[in-house]
Amino acid sequence: MTDARVTVECLRPTLRDAHGRVIRDLRISITDRCNFRCAYCMPETGVTWKAASELLAIDEILALARVFVSLGIERIRLTGGEALLRDGVVALTAQLSKLPGVKDLALTTNGYRLEGYAAALAEAGLNRITISLDSLKDDTFYQMTRVRGLDRALRAIELARRYKLAPARVNCVLIRGVNDDEIEAFADFARAWDVSVRFIEYMPLDGPGEWRREMVVPGREAYARVQARYPLAPVAGQSPSETARRYRFADGAPGEIGIIAPVTEPFCGACSRIRLTADGKLRTCLFSIVEYDLRDALRAGASPGELADRITAAVAKKEAGHRINEPDFIPPSRTMSCIGG
Ligand code: SAM
Ligand code: SF4
């Protein structure tokens, strides 16, 4: 590294935890509401949504985002709940994309409402989109999400490509006996549609509390099955802090396969992520059982410096890793839809 680059690196503000990990990624949940009821995420009856007054207002999200960015956050992902249910999502995107220091602005969505938003989001400066798609079969899609939405999810992927919200990524949560018969079909899909299909292990973050270890399809199994059909090669230059191990097709076909294996092969050692919930709590791990308030402090008039101190102190206490595989594992009290995946 040249001297000049070393200097620039030293000048970058850096949020660091007690384990030496540098935090550069922030996921912001902008609503706890959702129009789907994915069985692995929330109960069929839904959860009790928070009152609007409890959620951060758009300008509050922005104020906190400014503080996070001043501390060294470079990549922001908007999520939920379903982010496209939140009024003001386009305006928020436009403001965030203009923050100096934000190098990457992404959104995770179930895609159902993307038709009405894709052009405006692209115009507002969104860089990338991830669309959840757990099945290519109408009935299985319905079984998993409890919504007849396969056509709209596919349309959303088309829109992501059309508006260059790329590389378009597809998240597929694998559940044993439900959609694990589709691994090869998803590999075909990745190639035919030129998208990155990311197989995600089912995590114990479901609303109904029905998660069982036997329901998890290990990432290495998904990898082996794709590899048997189409030889894979690791994508060059991956960052260890990425959640997915990424592979390209060795025959040069378009598309990509990602393996996200938080249960069987935890990647906590390289984690660079923190989360802001829709009601303004900072979570230092998906599986945190403690949260740090930022909303009430902001509403009580805390200055950016005071908020920065709170964030820095919380990050210092970031958990070494999740404890899914430990006998004393305690699942978080909130479901994935409330935490912001
Ligand atoms: N509603 C949006 C969506 O579904 O894309 C964004 C929020 S959702 C909580 C974010 C991601 O978390 C989705 O890709 C979803 O599949 C994933 N997810 C939710 N519950 C999960 C679980 N129990 N295990 C693994 N992934 C989960
Ligand atoms: Fe909603 Fe996303 Fe959870 Fe499905 S995974 S219920 S779309 S928040």
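Counting starts at 1 for both ligands and their atoms, in listed order.
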Of T93, I30, L121, the residue whose pairing with L107 passes side chain to side chain contact (heavy atoms under 4.5 Å, CB included): L121

Between CD on residue E182 and CZ on residue R225, distance to nearest 0.5 Å: 10.0 Å

Pairwise side-chain contact, S272 with R75, heavy-atom cut-off 4.5 Å (strictly under): yes

Donor-acceptor under 3.5 Å (N127 side chain, L105 main chain): yes

Sequence-distant partners of R66, salt bridge (Lys or Arg N to Asp or Glu O under 4.0 Å), two or more places apart: none

Donor on one side chain, acceptor on other, R37 and T45, under 3.5 Å: no

Pairwise distance CD1(I131) to CG(L114) - rounded to 0.5 angstrom: 6.0 Å

Number of protein N/O/S atoms that sit closer than 2.8 Å to atom 3 (Fe) of ligand 2: 1

Aromatic plane relationship, Y247 with Y223 - under 30° parallel, 30 to 60° tilted, over 60° perpendicular: tilted

Set of salt bridge (Lys or Arg N to Asp or Glu O under 4.0 Å) partners for R246, sequence neighbours left out: E242, E256

Check ligand 1 for N or O atoms under 3.5 Å from a protein N or O and list each pair with its distance.
unit_1, atom_1, unit_2, atom_2, d
ligand 1, 1 (N), G81, O, 3.0
ligand 1, 1 (N), E82, OE1, 3.2
ligand 1, 4 (O), S132, OG, 3.3
ligand 1, 5 (O), T109, O, 3.2
ligand 1, 5 (O), S132, OG, 2.6
ligand 1, 14 (O), S132, OG, 2.8
ligand 1, 14 (O), N171, ND2, 3.0
ligand 1, 16 (O), Y40, OH, 3.2
ligand 1, 23 (N), Y40, O, 2.9
ligand 1, 23 (N), M203, O, 2.9
ligand 1, 24 (N), M203, N, 2.9

